[in-house]
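The structure under discussion appears below in the form of structure tokens.
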Amino acid sequence: QAQLVESGGGLVQPGGSLRLSCAASGSIFSINSMAWYRQAPGKERELVAAIVSGGGTGYPDSVKGRFTISRDNAKNTVYLQMNSLKPEDTAVYYCKADIAHSAYTTAVYWGQGTQVTVSS
């Protein structure tokens, strides 16, 4: 089993920046992929960034050019750098990881969520 712990959320003014962190711990053979999602109250959860095996990344148009996902394999940690933040970025941000516990066993885990509020 594994756990994902998120940090870095908070209140920021429009145009500001935040960096979210998601640290994985537990029985980890490897981390195959990690992603960030966000969800505002009453709305669907949406993917905002993903990093997959081989290092490829992907973003929806709503955040492309402003958000950057990266990972530190030595720390089992994924980051989301958010620049030029807009009020519509306000949401709870969740980390997701596809973790291999052995060469044959994988599972998907979610972080607890961290609140990002963009407001003046």
(request) Begin with the C-alpha distance, continue with both residues' side-chain angles, and end with the deciding distance and a verdict on side chain to side chain contact (heavy atoms under 4.5 Å, CB included) for Tyr93 and Gln115. (result) CA-CA 6 Å; Tyr93 284 71; Gln115 177 71 47; over 6 Å; no
(message) Could you walk me through whether Leu18 and Leu85 satisfy the side chain to side chain contact (heavy atoms under 4.5 Å, CB included) test, starting with their C-alpha distance in whole Å, then the side-chain angles of each, then the deciding distance to 0.1 Å, before giving a yes or no?
(response) CA-CA 8 Å; Leu18 285 173; Leu85 283 163; 4.2 Å; yes
(request) Output, in order, the C-alpha distance, side-chain angles, deciding distance and verdict of side chain to side chain contact (heavy atoms under 4.5 Å, CB included) for Ile99 and Asn32. (result) CA-CA 6 Å; Ile99 295 175; Asn32 298 316; over 6 Å; no
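Proximity of Phe29 to Thr106: side-chain heavy atoms (C-beta onward) are nowhere separated by under 4.5 Å. A 4.5 Å side-chain heavy-atom check between Met34 and Asp98 finds every atom pair outside the cut-off.
Annotation: side chain to side chain contact (heavy atoms under 4.5 Å, CB included) contacts of Gln1 (sequence neighbours excluded): Gln3, Tyr109. Arg38 is linked by a salt bridge (charged side-chain N to carboxylate O under 4.0 Å, His left out) to Glu46, Asp89, counting only residues two or more places apart in sequence or in another chain. Not a single side-chain hydrogen bond (donor to acceptor under 3.5 Å, both in side chains) links Ser62 to another residue, sequence neighbours left out. A search for salt bridge (charged side-chain N to carboxylate O under 4.0 Å, His left out) contacts involving Lys86 returns nothing, not counting sequence neighbours. In this structure Gln39 satisfies the side-chain hydrogen bond (donor to acceptor under 3.5 Å, both in side chains) test together with Arg45, sequence neighbours excluded. Partners of Ser17 according to the side-chain hydrogen bond (donor to acceptor under 3.5 Å, both in side chains) rule, which considers only residues two or more places apart in sequence or in another chain, are Asn83. Under the side chain to side chain contact (heavy atoms under 4.5 Å, CB included) criterion, Ser27 pairs with His101, sequence neighbours left out.
The heavy-atom pair separating Val78 from Ser70 by the smallest distance is CG2-O, 3.1 Å. Between Ala49 and Ile69, the closest heavy-atom pair is CB-CB, 3.9 Å.
Rounding to the nearest 0.5 Å gives a distance of 9.0 Å between NZ of Lys75 and OG of Ser21. If you take CG on Leu80 and CE on Met82, they are separated by 5.5 Å, rounding to the nearest 0.5 Å. Rounding to the nearest 0.5 Å places NZ of Lys64 at 9.5 Å from OG1 of Thr57.
Sorted pairs that involve residues 36-69 and meet disulfide bond (SG atoms under 2.5 Å apart), not counting sequence neighbours, are lacking altogether. Within the structure, no pair that satisfies the disulfide bond (SG atoms under 2.5 Å apart) test touches residues 39-77, not counting sequence neighbours. Each ring pair (Phe, Tyr, Trp, His ring centres under 6.0 Å) pair with one or both residues in residues 66-90, not counting sequence neighbours, would appear here, but there are none.
Under the 3.5 Å distance criterion, the side-chain polar atoms of Thr90 are matched with a main-chain donor or acceptor of Pro87.
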Table please: side-chain donor-acceptor pairs of residues 4-16 below 3.5 Å, with sequence neighbours left out.
unit_1: Glu6; atom_1: OE1; unit_2: Thr114; atom_2: N; d: 3.4
unit_1: Glu6; atom_1: OE2; unit_2: Cys95; atom_2: N; d: 2.7
unit_1: Glu6; atom_1: OE2; unit_2: Gly113; atom_2: N; d: 3.3

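Side-chain heavy-atom separations under 4.5 angstrom define the hydrophobic clusters, and the remaining members of the one that includes Leu47 are Tyr37, Val92, Tyr94, Val108, Trp110.
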